Each structure stands twice: as structure tokens, then as C-alpha cells.
Amino acid sequence: MKNTLSSILNTASKKLEYIKNIDFTFEKPKSDEHGDLSTNLAMTLSKQLKKNPRQIAQEIIDSIEFDKNIVEKIEIAGPGFINFFFSHSYLSEKVKQIHAEKEVFGKSKKYQGKRANVEFVSANPTGPLTVGHGRNAVSGDTIANMLEWIGYEVDREYYFNNAGRQMRVLGDSVRLRYLELLGQQIDFPQDYYQGDYIKEIAKDIFVESGDKYISETAEGIFKERAEREIFKDIERTLKRLNIKHSIYFNENSLYEDGKIEALLKLFEEKGLSYQKDGATWLKFSELGNQQDKVIIKSTGEPTYRLPDIAYHVTKFDRNYDLIIDLFGSDHNATYPDVLAALKALGYETEKIKVLIHQFVTILQDGEIVKMSTRKANYITLDELNDEVGADVVRYFFNMRSISTHMNFDLNLAKKHSDENPVFYLQYAHARICSIIKTVKDQDINSSLENLDLLTTPEEIGLLKKLNHFEDEVLQSGESFEANRITSYLEELASAFHKFYTFSRILGTEKNLAEARLALAEASKIVIANGLKILGVSAPEKM
RNA sequence: GCCCCCGUAGCUCAGUAUGGAUAGAGCAGUAGUUUCCUAAACUAUUGGCCGGAGGUUCGAAUCCUCUCGGGGGUACCA
């Protein structure tokens, strides 16, 4: 729709100098009286041209050439909006396109040939994924889906770290539990991992090998075993949500491949690093950030910043056109340093989009549950999945903007109440499947020949909604906002339910019945495609 | 102290990028709809000083300043 209008408006550039090289923007007016699409172009131009916006709007309208078969009328309204009303034949033409394109309807080639990397989850294997990780996982995977729909070739990447203090503590937690099983008196530190899964891993080792590892260090078998088991669980949890990463990037490889060393050398050559108090510092204060930070501790161990920077260098080396980092707000202090360092090294940091999602607050029995992996006080993603199912989990996380602090009322989610709109969408889809089956039995087959018969307000409302799908997908993908898709689908389902209520297929004159069936089938395709983007199933029956 | 996010209807949230036309939706509430393709639906309706105060503008939920409230950060932890 927007493309069609852009090219129509461009015809005005033959007569109007100021229309040249303008990137037209359109919005969908809130009220139907204001047309199908609208632009505030004349109002924007009025400042620069110093003319009355309504007068500019009139000039534009007078200068454009358009086909009455596409645009029925153009109006100037309010302070200077130009409102466009599409013709019925243009709107119904979309039904033919949907029938022709089916499951690829809505896909765009705009970013064809471009490659994107979406890094998400990236939780270290220290325990089961929590509800908070769930938000990250679902958002990341859906963003990847949306990018694919607008033409990108996408890699889904998981970055993890199996060196460092965190994992050492994990290994030692298992070791202590193991010693406990051997009958030793242990002192289990408070800041160690308290969860039962630690005891289970220790028990497995004990059952298999007895006291064979009584003198083993934390870094050996204990850490290895814990990491392997926990990672396996994480992958299984993600798989339940239909999430699968294509690349697992291990921090260790950065050391093994000499990437860290090379980076350190580069910093030194460029005069960006210096030594102080036995540590190596990076001059972030000269790169526009608040203060210098340590990249190598006096103990010789790097801080997380150094491998993070090196890791992002590899993303640039892998030639992505778009690099997305998705993480929780607890990490919001780390990315300015990484970006500043990359920029100083000459990388095009504009390619990196850092998306930060806010925390999920869990309400259980009206009380906020404070979560901490270490204290084992959390609700796992698996538990949530058990309670409400993957469709609800995916839809729930997708329906809100990632920047919002989300309240997740467990009791409510468990209830399966009407408050969850995923059922509303799925029901619309199931209903259509049911109609198609019923009317096929009565020998009614959809036809694209008489779409001009679709003239009731409900039919036209549905046609209009279907016409917006491609624009919505594009806009969602470009802004990385899945909640645009969920809102759109809810409106589409609502338009369909209205159509269903007022436009019967059975008992209607044949040509009209066949046209209505074609419209219903088109709605089914679009709902299914939208749900596909979100990673939610489209059931045939409910 | 400083940085990031949030504050819009009883509840959960859109709308803020690019300022525009009477501020939207779902749920809850109220009143209705089914001899008829799935009532997990539909129709009508109640409900708002867009946290507050200034400012910019022909025009502000949207931009600027200040302020109040909530969350997350601010390590030689990740």
C-alpha cells in the first residue's frame, strides 16, 4: 500500500520541484473517515516553503497523476493532511495476491542479499533458564524471524563463557555437593549455586564413579560435567519454544585463536591502552565515555570487556550487514564501552543495534517473586512452559514492547482466561478451517472472479486489514518490534470475527458465497503467516 | 552522585523514532445477541487533567528543563 502511494506521489515531482528527493511517510489514520492512508507531508513542508499547508496539499494533489482504479479519492482534511482512499478493486486485488503467494505472502525482498546476526540468550551454563531468559529467548528468535521475512539471511547466535570465575564457582559448587555425598563435612558458601540441580549432577558423578574424584579440583571434571549437563538442559528448554541457535560461540575460542592477544596488541599500537597499578587499562575517557576501565586485571586475568570487544570484532570480520545484540537491562552498562572501543578501532558501529529488554516481574499469588539464579529462587522457563504451553509463552513475551517492565502474573497465565489474546487469534484460524471444511462438503469452492461483490462494511473492513499486512511486517522487521505484529493480528482476527458474524457463506447466492470463501481463505493465510513470524502455532481445530 | 528503562482507563498495555485531525485496545463492569458455517464469538455502553510543574510551537502523551514515584546499572564480578 505504502509503496503504491509513494510511486503515485512521485509523479508530482514532474511539476513540483520541492517534491523531489522526498522520502514519503504515511500513517494509517485512526479513523476510517480519514482514509486508508494519510500523510502530513504538506504540514512538514509548510515550514520550509512558508506557505499554508492546505495550499501546499492542494498543489500536490493537482500535480499527481493517478489511476482512478487504484485511488478512488484524495482529500485534504484538518490542518493539512492528505488522505487517500483506495478503490474497491485495488483492495480486493490483494485477495488474489494472497491466494497466489500463500505461505510466503508478506515476505519482502527489501533486504535480500543482506546478512544479519542476532545474538540472544547467551546465558552462561550455570543453571536452568528462568522466565527472564525466556523473554530474551522469545524476543531474539522472533526478531530473527522478522528479519528473515524482510529478506535477511539470519544467523542466530549464542555466546557463552566457560572460563572465568562464574564457572569456577559452579564447578566448586558441584565438588562440594559431591564431597557431601561422600560423607564429608562441608561448608557450602552462600554465594555458591544453591539449586537442587547441582546436587543431582554431583549425585550422578557419585553414582557412576564413587569416590574416584575425591581429590579433584573444581576446574576439572566437576565444571566440565556441570557445564555439559546444564547446557543440554538449556538447549532442551529452548527447543520446547522452537528456538534453535545456528552458532554457539565460545569465549575460549577467542583465546585459542589468538584474537585476544591480537586485540591487546592493537590497542597498544593505537595508544589506547596503558599500564597502571599492575593492570592494563583502556582509555575510555578519551573515547567519550565516563572513565577508563580495566581490561586486564593485575592478576593477569582479563575482565569481561576485553573478550566482549574481541567477540564483536569477529562479528565484523564475519561481514554481517546488521548485528543485533539483545540483552537484559542488567547489562546496560557494558555496551557503551564495547561500542566505543570498536569505533576507536575503525569499525562501523552503526551496524550494531543493541536492544535492551527490561526485566520481567513475576507475580505469584499477588506477590513479587525476587529472582536469583545463585539463590535458586526463581521460576524456570520450563515450569512456565509446563503451566501455560509454548504458544502462550511466545505470544505473551511478543505482545509487549521489549522496553516495558513486564508484569507476569503467574496465576493469571495459568488460568487460560480470556485475558490471553493468543486464543482469540488461534480461534479465528480454527474457525476458518472449520468453515472451509463445511462448505467444501456442500460443493462451494472459492473463486476470485467476483470479488467486487464483497461490499458490506465487514467485508471491506477485512479487505483493508489484509491490505496492511505487508507494510506491518516490513515495519516490524525494520524496528525490531514484534508487538506490532501481535496488535495487527488482533485487529485482523477481530475484523474476521465480525465478517464471520455478518457475512454467511452457506445459504448465500453462489457467486457471493464463493467470493466470501475466497476472502475467508485469504484471512486464514494471513493469520497463519503472522503467527508463523511469532513462532506460535495455528491450530486447525480448537 | 552519575547512566539506562518505565509512569497513559479499575487491571495489563499500545501510541513517543518522523509533534498534528475528537488519546486507543484487551480484560474487568453494565445492557443485549444463538432454531443459522465453532458463543474461545458478536453488538451497544461506562470509564482519562497521558505522574506533576514550567517551556518551545499555529499545534505536545510525543521535543526541552526541572521534579516526584518504581525498576536496573554504575568493580581489577559477568
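A quick note: this is a predicted structure, and the numbers were derived from the prediction, not measured. Chain letters run A, B, ... following the sequence lines, proteins first and then strands; every chain starts at 1.
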When both distances are under 3.5 Å in a Watson-Crick or G-U wobble arrangement, the nucleotide paired with B:rU56 is none
Q) Given the P atoms of B:rU18 and B:rU65, what is the spacing between them in whole Å? A) 16 Å
B:rU74, OP1 or OP2 - any side-chain N/O from A:Tyr335 closer than 4.0 Å? no
When both distances are under 3.5 Å in a Watson-Crick or G-U wobble arrangement, the nucleotide paired with B:rG1 is B:rU74
Across all chains, not counting sequence neighbours, the salt bridge (Lys or Arg N to Asp or Glu O under 4.0 Å) partners of A:Glu481 are A:Arg484
To the nearest angstrom, the CZ-C1' distance between A:Arg165 and B:rA75 comes to 12 Å
Atom CG of A:Leu492 and atom P of B:rA25 are separated, to the nearest Å, by 17 Å
Rounded to whole Å, the CG-P distance (A:Asn124 to B:rC77) equals 15 Å
Residues at least two apart in sequence or cross-chain that pass side chain to side chain contact (heavy atoms under 4.5 Å, CB included) with A:Lys293, listed by chain then number, are A:Phe284, A:Gln291, A:Arg305, A:Asp337
Each nucleotide of nucleotides 14-23 of chain B classed B (base within 4.0 Å of a protein heavy atom), S (only sugar-phosphate) or -, in 5' to 3' order, makes SS-B--BBB-
Here the distance between atom C1' of B:rC6 and atom CD1 of A:Ile356, to the nearest Å, is 14 Å
Salt bridge check, A:Glu227 against A:Lys223: does any charged N sit closer than 4.0 Å to a carboxylate O? no
### Task
Verify, without hydrogens or angle tests, whether A:Thr404 (side chain) and A:Met406 (backbone) share a donor-acceptor contact under 3.5 angstrom.
no
Discussion item. Once hydrogens and angles are ignored, does a donor-acceptor distance under 3.5 Å link the base of B:rG70 to the side chain of A:His405?
Written reply: yes
note: A:Gln358, atom CD; B:rG72, atom P; distance rounded to Å ~ 10 Å
Heavy-atom nearest nucleotide on RNA chain B taken for A:Asp277 and for A:Phe408; more 5' hit belongs to A:Phe408
Classify the nucleic acid contact of A:Glu75 as base, sugar-phosphate or nothing, counting any heavy atom under 4.0 Å across all strands shown.
-> nothing
Expected list for residues 431-447 of chain A near RNA chain B, using heavy atoms below 4.0 Å, is A:Arg431, A:Ser434, A:Ile435, A:Thr438, A:Val439
Between A:Phe327 and A:His331, what is the ring plane arrangement, given parallel below 30°, perpendicular above 60°, and tilted in between? tilted
| message | Tell me whether the rings of A:Phe160 and A:Phe231 are parallel (<30°), tilted (30 to 60°) or perpendicular (>60°). | response | perpendicular
Donor-acceptor pair present, A:His497 side chain and B:rC42 base, under 3.5 Å
no
If pairing means Watson-Crick or G-U wobble with both distances under 3.5 Å, then the partner of B:rG69 is B:rC6
Sequence neighbours excluded, the answer for side-chain hydrogen bond (donor to acceptor under 3.5 Å, both in side chains) partners of A:Lys51 is A:Glu59
Using Watson-Crick geometry (N1-N3 plus N6-O4 or O6-N4) or G-U wobble (N1-O2, O6-N3), each under 3.5 Å, B:rG19 is paired with none
note: A:Leu489, atom CG; B:rC13, atom P; distance rounded to Å ~ 20 Å
Run the side-chain donor-acceptor check on residues 430-439 of chain A: report pairs under 3.5 Å with partners two or more places apart or on a different chain.
{"from": "A:Arg431", "atom 1": "NE", "to": "A:Tyr427", "atom 2": "OH", "distance (Å)": "3.4"}
{"from": "A:Arg431", "atom 1": "NH1", "to": "A:His497", "atom 2": "ND1", "distance (Å)": "3.0"}
{"from": "A:Thr438", "atom 1": "OG1", "to": "A:Ser434", "atom 2": "O", "distance (Å)": "2.8"}

ask   = Taking the same atom, P, in B:rA39 and in B:rU35, what whole-Å distance lies between them?
value = 12 Å
Sorted by chain and residue number, the side chain to side chain contact (heavy atoms under 4.5 Å, CB included) partners of A:Lys343 (sequence neighbours excluded) come out as A:Thr349
Check your understanding: Salt-bridged, A:Lys440 to A:Glu521, with N to O below 4.0 Å?
Key -> yes
What interatomic distance, in whole Å, is found between C1' of B:rU16 and the corresponding atom of B:rU34? 44 Å
Re B:rG29: Watson-Crick or G-U wobble partner, both distances kept under 3.5 Å, found to be B:rU45
With sequence neighbours left out, the residues meeting side-chain hydrogen bond (donor to acceptor under 3.5 Å, both in side chains) with A:Glu75 are A:Lys73
A:Thr303 near the nucleic acid: base, sugar-phosphate alone, or nothing, with a heavy-atom cut-off under 4.0 Å? sugar-phosphate
- Query: On a whole-Å scale, what distance lies between the P atoms belonging to B:rA61 and B:rG1?
  - Reply: 30 Å
Closest to the side chain of A:Tyr304, out of B:rC76, B:rA78, B:rC13, is B:rA78
Applying a 4.0 Å non-hydrogen cut-off, can you work out what A:Ala430 is touching in the nucleic acid: base, sugar-phosphate, or nothing?
base
Determine the interatomic distance between C1' on B:rU8 and the same-named atom on B:rG48; round to the nearest Å. 8 Å
Looking only at B:rG73, B:rC5, B:rC37, the nucleotide nearest the A:Arg504 side chain is B:rC37
So salt bridge (Lys or Arg N to Asp or Glu O under 4.0 Å) across residues 306-315 of chain A, not counting sequence neighbours, yields A:Glu119-A:Lys315, A:Lys315-A:Asp325
Check nucleotides 1-3 of chain B for protein N or O atoms closer than 3.5 Å to its own N or O atoms and list the pairs.
{"from": "B:rC2", "atom 1": "O2'", "to": "A:Gln290", "atom 2": "NE2", "distance (Å)": "2.8"}

Of A:Gln291 and A:Tyr424, the one whose closest nucleotide on RNA chain B sits nearer the 5' end is A:Tyr424
| query | Across the strands shown, which category fits A:Thr508 at heavy-atom distances under 4.0 angstrom: base, sugar-phosphate, nothing? | reply | nothing
Original post:
Can we say A:Lys110 and A:Glu478 salt-bridge, meaning some charged N sits less than 4.0 Å from an Asp/Glu carboxylate O?
Top reply: yes
Here the distance between atom C1' of B:rG72 and atom CG of A:Asn136, to the nearest Å, is 15 Å
When both distances are under 3.5 Å in a Watson-Crick or G-U wobble arrangement, the nucleotide paired with B:rA39 is none
Taken in chain and number order and not counting sequence neighbours, the residues that satisfy side chain to side chain contact (heavy atoms under 4.5 Å, CB included) with A:Lys541 are none
Atom CG of A:Asn289 and atom P of B:rA75 are separated, to the nearest Å, by 13 Å
Nearest-Å distance once atom P is located in both B:rA40 and B:rC27 = 14 Å
Are A:Lys498 and B:rA41 close enough that a side-chain N or O sits under 4.0 Å from OP1 or OP2? no
Sorted by chain and residue number, the side-chain hydrogen bond (donor to acceptor under 3.5 Å, both in side chains) partners of A:Asp471 (sequence neighbours excluded) come out as none
- Message: Using atom C1' in both nucleotides, what's the gap between B:rC50 and B:rA25 to the nearest angstrom?
- Response: 15 Å
Paired to B:rC13 by Watson-Crick or G-U wobble criteria (both distances under 3.5 Å) is B:rG24
For nucleotides B:rG19 and B:rU62, find the distance between their C1' atoms and express it as a whole number of Å. 6 Å
> A:Lys297 side chain N/O closer than 4.0 Å to the phosphate oxygens (OP1, OP2) of B:rC77?
Replying inline: yes
